[in-house]
Asks: 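The following block contains the structure, expressed as structure tokens.
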Amino acid sequence: MELKLLFALAFLLLTFVSGVSSGSSHYYFTSMFTLGDSHIDTGNFPIMARAINFPAWVNNPPYGMTFFGRPTGRQCDGRVIVDFMAEEFGLPFLPPSLANSSDVSRGVNFAVGGATAIAVDFFEKNKLVPFKLLNNSLDVQVGWFQDLRPSICNKTKGSRRCFNKSLFMVGEFGVNDYNFFWMANKTEDQVRSYVPSVVKRIALAVERLIEDGAAHVVVPGNPPSGCLPSVLVSRQTPDKAAYDHVGCLRGVNGVVEHHNKLLRKTVGGLRAKYPHATIIFADFYTPIYKMLENPRHFGLLASGVLKACCGTGGGAYNWNASTFCGMPGVAACPDPSAYVSWDGVHYTEAVNRYISEGWLNGTYAEPPILRAMRN
Ligand SMILES: *[C@@H]1O[C@H](CO)[C@@H](O)[C@H](O)[C@H]1NC(C)=O
Ligand SMILES: *[C@@H]1O[C@H](CO)[C@@H](O)[C@H](O)[C@H]1NC(C)=O
Ligand SMILES: *[C@@H]1O[C@H](CO)[C@@H](O)[C@H](O)[C@H]1NC(C)=O
Ligand SMILES: *[C@@H]1O[C@H](CO)[C@@H](O)[C@H](O)[C@H]1NC(C)=O
Ligand SMILES: *[C@@H]1O[C@H](CO)[C@@H](O)[C@H](O)[C@H]1NC(C)=O
Ligand SMILES: *[C@@H]1O[C@H](CO)[C@@H](O)[C@H](O)[C@H]1NC(C)=O
Ligand SMILES: *[C@@H]1O[C@H](CO)[C@@H](O)[C@H](O)[C@H]1NC(C)=O
């Protein structure tokens, strides 16, 4: 045998062996299909907003200042959670589904800012919102996936296998639903009473995707909305007992905790119903609290933990509902990675990175995504 060939073979063997011994290949997932709202939107919101001449402030600097160097439609200074996951799997950043990308074989992102779990006509018919909503709720996003499905996978024999190596994500959903109920001046008990129907819609979407061939589905819970600068300003109260040890609103987070508990339990039920699928509950709540409780450990500014990096007004929250990030003259803090909140509503890239690491590898997902993909 020629020496050159021998070397080549040895090299192949070595890479093969090391691939096996590490227990996983980072390239297991060959595509990602994600549904959700602004926390993971990679550009759908500006496309929908443009169609109805609604201003999309996210199109302006300083959005994108940390990573892309320009606004990309992400409600962040840089990458969102699904971007870090795509990087981990060696996939391209997911194109927003509404951009009609010609190549969707490695995945697409259906998430849109403002998306609800409950269909939008419910909020409009019941006069819960004083404006027209974009029609982008969870069931609509599942419909977009089903419309796109034939271009990825033909419904022939064995077509279920098409998505065996795809990672699906359904969420987070619920943040916008509950926000609309709070804004309509519902009481805590009233907002709480909608939790079962929000969770049920998430579960139904997961089932529809599994029936369409999804075999790995991540279902994130809700982050602590009661710690957001925007919510802390709009629901400000002199009642000290309304705030917890880090300064978050107990009532708002109480509903979030109820949602997360019921969602986690419902995911358990889905695992029993679909044993061939891996359904992962991802905790979006604990990692944020960990950072708020111990900011220095995470390289965060202890004095700015409830402040928006990009916003106006100063004070404890740096948030003003009429002059926010993306509007002319609204500046970002010099170092977004020292902040939890980017724009008063969404997290900084630094937080998104920590959360995605926790979901991939750590203790914030059951089971961690990188472990699930070895199964
Ligand atoms: C995507 O395609 C749809 C249907 O053909 C069209 O209505 C829409 O304008 C396209 N969107 C973009 C951003 O080009
Ligand atoms: C939203 O879109 C879905 C799917 O296209 C449609 O069935 C529904 O009627 C629309 N709802 C509203 C309020 O426009
Ligand atoms: C599925 O079949 C249609 C019609 O035969 C074809 O146009 C399309 O390219 C196929 N899609 C895939 C992913 O093979
Ligand atoms: C792919 O999915 C099908 C149907 O769920 C299952 O029977 C099959 O074992 C899976 N194959 C792999 C390689 O995971
Ligand atoms: C909610 O209450 C506030 C303060 O009382 C009031 O200004 C606002 O108009 C109310 N909103 C709705 C939708 O009823
Ligand atoms: C919020 O901004 C508006 C417009 O710049 C300003 O008129 C208002 O006083 C600000 N509100 C607070 C509470 O600072
Ligand atoms: C996962 O954990 C391992 C070992 O602790 C570490 O080497 C690796 O970088 C981590 N990966 C991610 C994506 O966090």
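Predicted, not measured: the structure shown is a model, and the values here were computed from it. First listed ligand is number 1; within each ligand, the first listed atom is number 1.
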Asks: With a cut-off of 4.0 Å, which atoms of ligand 6 are near a heavy atom of T323?
Replies: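 With T323 as reference, the close atoms of ligand 6 come out as 2 (O), 3 (C), 4 (C), 5 (O).
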Asks: Around atom 12 (C) of ligand 1, find the nearest protein heavy atom and jot down its residue, atom name and distance.
Replies: N100 ND2, 3.4 Å
Asks: Should S322 be listed as contacting ligand 6, given a heavy-atom distance under 4.0 Å as the test?
Replies: yes
Asks: Verify the ring-centre separation between Y364 and F281: is it less than 6.0 angstrom?
Replies: no
Asks: How far does CD1 of I355 sit from NZ of K290, to the nearest 0.5 angstrom?
Replies: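 Result: 13.0 Å between the selected atoms.
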Asks: Which protein heavy atom lies closest to atom 1 (C) of ligand 6, and at what distance to 0.1 Å?
Replies: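 Nearest neighbour among protein heavy atoms for atom 1 (C) of ligand 6, to 0.1 Å: N320 ND2, 1.4 Å.
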Asks: What about the rings of F123 and F181, do their centers lie closer together than 6.0 Å?
Replies: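 They qualify: ring centres under 6.0 Å apart.
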Asks: So do I288 and M291 actually touch side chain to side chain, heavy atoms under 4.5 Å?
Replies: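 Counting from C-beta outward, M291 and I288 do come under 4.5 Å.
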Asks: Determine, counting only non-hydrogen atoms of the protein, whether one lies under 4.0 angstrom from atom 4 (C) of ligand 5.
Replies: no
Asks: Between C333 and C310, does the SG-SG distance stay under 2.5 Å?
Replies: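 Answer is no, sulfur atoms not closer than 2.5 Å.
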Asks: State the atoms of ligand 1, each with its element, that fall below the 4.0 Å cut-off from a heavy-atom position in L98.
Replies: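 Listed by number with element: 11 (N), 12 (C), 13 (C).
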Asks: Is the closest protein non-hydrogen atom to atom 9 (O) of ligand 6 under 4.0 Å?
Replies: no
Asks: Tell me if the centroids of the rings in F168 and H216 come within less than 6.0 Å of each other.
Replies: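 No, too far apart.
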Asks: Could you identify the single nearest non-hydrogen protein atom to atom 14 (O) of ligand 5 and state the distance to 0.1 Å?
Replies: N185 ND2, 3.3 Å
Asks: Find out whether W144 and L148 are in side-chain contact, i.e. whether some heavy atom of one side chain is under 4.5 Å from a heavy atom of the other.
Replies: no
Asks: Counting only heavy atoms, tell me which of K186, K127, M183 gets closest to atom 13 (C) of ligand 5.
Replies: M183
